[in-house]
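Below: the structure, in structure tokens.
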Amino acid sequence: MTAFLEARGVYKSYGRPPRPVLRDIDLSLPRGSIWGLLGESGSGKSTLARLLLGLERPDAGQILLEGMPIRRWRSRHPGGMSVVFQDYVTSVPPQADVAAIIAEGFPPGAPRPDSAAIHALMDRVALPRFLSGRLPHELSGGQLQRVCIARAIAARPSLLVLDEPVSSLDIAVQARILELLHDLAKEMTCLFITHDVQAAVHLCEQLVFLHQGQIIASLPREELFKTDNPHVRELLACTLILKDF
């Protein structure tokens, strides 16, 4: 498969004196794939997500989309990249209803979506249409997360970054959201960032592990239980994984 998103020799530090957060990151995400980026809290996952989204610049190295610097790619492809944040509750305006929140996801300059377009997106994420006029505080956690996913796919992005999208949901809702993401991933390139090995195994075809700011392993899902990497083995030992492959 052709590389779609690439990170080459990426470094990132914060503070004075500088504290390294990411070191020598090399990542090549093929077009049309769904990869998992895993690691414990503080391993650098969210920092890497911000760099890949162009929200921050690396101290060194390159991040490329289709061979172009990420900011140039974004200027040429409005709406071509979307994200579902970990803290989805604070990512929505509290006084906007569901229809208005989903409408935020349409590309800049596009005509204002009508109710049919909003309802079509709600149908895609299995969200009842009668909720279109509800405010965020009137929704359950799973319903609000589906609103955020509908907003993220409204522009039909080429790249969808999911930063801990199910970490705050209960197990039953997590399962429904993961099934939804599995279906959506067939239409775009996805990076699923999580500390949850079980969720990543269920959803992703390739698993990349971060530890103390460095990539320590990149494994096809089928190879996960064959690795002798001690940090990966430690994560596996702490996780009950129901193998479905």
I need the minimum non-hydrogen distance between [X] and [Y], along with the two atoms involved.
X      : Y      : value
Glu205 : Ser33  : OE2-CB, 3.4 Å
Ala154 : Ile102 : CB-O, 4.1 Å
Ile101 : Pro93  : CG1-CD, 4.2 Å
Leu29  : Cys190 : CD2-O, 4.0 Å
Leu224 : Val201 : CD2-CG2, 3.5 Å
His202 : Leu178 : CD2-CB, 3.8 Å

Partners meeting salt bridge (Lys or Arg N to Asp or Glu O under 4.0 Å) with [X] (sequence neighbours left out):
X      : result
Arg8   : Glu6
Asp24  : none
Glu187 : Arg124

For this session: Using side chain to side chain donor-acceptor pair (under 3.5 Å) as the criterion, list what pairs up with Ser41, not counting sequence neighbours.
Result: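 Applying side chain to side chain donor-acceptor pair (under 3.5 Å) to Ser41 gives none.
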
For this session: With sequence neighbours left out, write down each residue that passes side chain to side chain donor-acceptor pair (under 3.5 Å) with Thr227, or none if nothing qualifies.
Result: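 With sequence neighbours excluded, Thr227 shows a side chain to side chain donor-acceptor pair (under 3.5 Å) to no residue whatsoever.
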
Problem set entry | Side-chain heavy-atom pair Ile25, Ile215 within 4.5 angstrom cut-off |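 Yes, their side chains come closer than 4.5 Å.
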
For this session: Evaluate the side-chain proximity of Leu48 to Ile193: yes if any heavy-atom separation is below 4.5 Å, no if none is.
Result: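 Side-chain contact under 4.5 Å: no.
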
For this session: Kindly say whether Val10 contributes a backbone atom to a donor-acceptor pair with the side chain of Arg23 at under 3.5 angstrom?
Result: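 Pair absent, no side-chain N/O of Arg23 close to backbone of Val10.
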
Problem set entry | Under 3.5 Å donor-acceptor, Asp163 side chain and Ala49 backbone |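 Between the backbone of Ala49 and the side chain of Asp163 there is no qualifying donor-acceptor contact (under 3.5 Å).
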
For this session: Tell me, with the steps shown, if Ser91 and Cys148 meet side-chain contact (heavy atoms from CB on, under 4.5 Å).
Result: CA-CA 8 Å; Ser91 76; Cys148 293; 3.9 Å; yes

Exercise. Run the side-chain contact (heavy atoms from CB on, under 4.5 Å) check on Phe130 and Val98 step by step: do they pass?
Worked result: CA-CA 10 Å; Phe130 71 82; Val98 166; over 6 Å; no

Once you round to the nearest 0.5 Å, how far does [atom1] of [X] lie from [atom2] of [Y]?
X      : Y      : atom1 : atom2 : result
Leu191 : Leu159 : CG    : CG    : 7.5 Å
His211 : Ile216 : NE2   : CD1   : 6.0 Å
Leu181 : Ile149 : CG    : CD1   : 4.5 Å
Ser28  : Leu5   : OG    : CG    : 8.0 Å
Met122 : Ser115 : CE    : OG    : 11.0 Å
Leu131 : Leu139 : CG    : CG    : 6.0 Å

For this session: Sorted by first residue and then second, give each salt bridge (charged side-chain N to carboxylate O under 4.0 Å, His left out) pair with at least one member in residues 130-145; sequence neighbours left out.
Result: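 Found none.
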
For this session: Please list all pairs passing the salt bridge (charged side-chain N to carboxylate O under 4.0 Å, His left out) test where one or both residues lie in residues 99-123, with sequence neighbours left out.
Result: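 Non-adjacent pairs meeting salt bridge (charged side-chain N to carboxylate O under 4.0 Å, His left out): Glu104-Arg151, Asp123-Arg129.
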
Not counting sequence neighbours, which residues clear side-chain contact (heavy atoms from CB on, under 4.5 Å) with [X]? List them please.
X      : answer
Gln206 : Trp35, Ser218, Pro220
Ala100 : Ala96, Asp97
Ser43  : Glu40, Lys45, Leu210

Problem set entry | Arg156, CZ atom: more than 12 neighbouring heavy atoms under 6.0 Å |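 Count not over threshold, so no.
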
Problem set entry | Phe209/Leu219 under side-chain contact (heavy atoms from CB on, under 4.5 Å): CA gap, chis, key distance, verdict | CA-CA 9 Å; Phe209 290 87; Leu219 304 165; 4.1 Å; yes

Do any side-chain atoms of residues 54-64 form donor-acceptor pairs under 3.5 angstrom with protein atoms, and if so which ones, sequence neighbours left out?
from: Glu56; atom 1: OE1; to: Tyr14; atom 2: OH; distance (Å): 2.6
from: Glu56; atom 1: OE2; to: Tyr14; atom 2: OH; distance (Å): 3.3
from: Glu56; atom 1: OE2; to: Arg50; atom 2: NE; distance (Å): 2.7
from: Asp59; atom 1: OD2; to: Ser13; atom 2: N; distance (Å): 2.6

Problem set entry | Common cluster, Leu135/Leu127, ILVMFWY with side-chain heavy-atom separation under 4.5 Å |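 Each belongs to a different hydrophobic cluster.
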
Cut-off 3.5 Å, no hydrogens considered: what does the side-chain donor-acceptor table look like for residues 74-83, sequence neighbours left out?
from: Arg74; atom 1: NH1; to: Leu53; atom 2: O; distance (Å): 2.5
from: Ser75; atom 1: OG; to: Arg72; atom 2: O; distance (Å): 2.7
from: His77; atom 1: ND1; to: Trp73; atom 2: O; distance (Å): 2.9
from: Ser82; atom 1: OG; to: Ala152; atom 2: O; distance (Å): 2.6

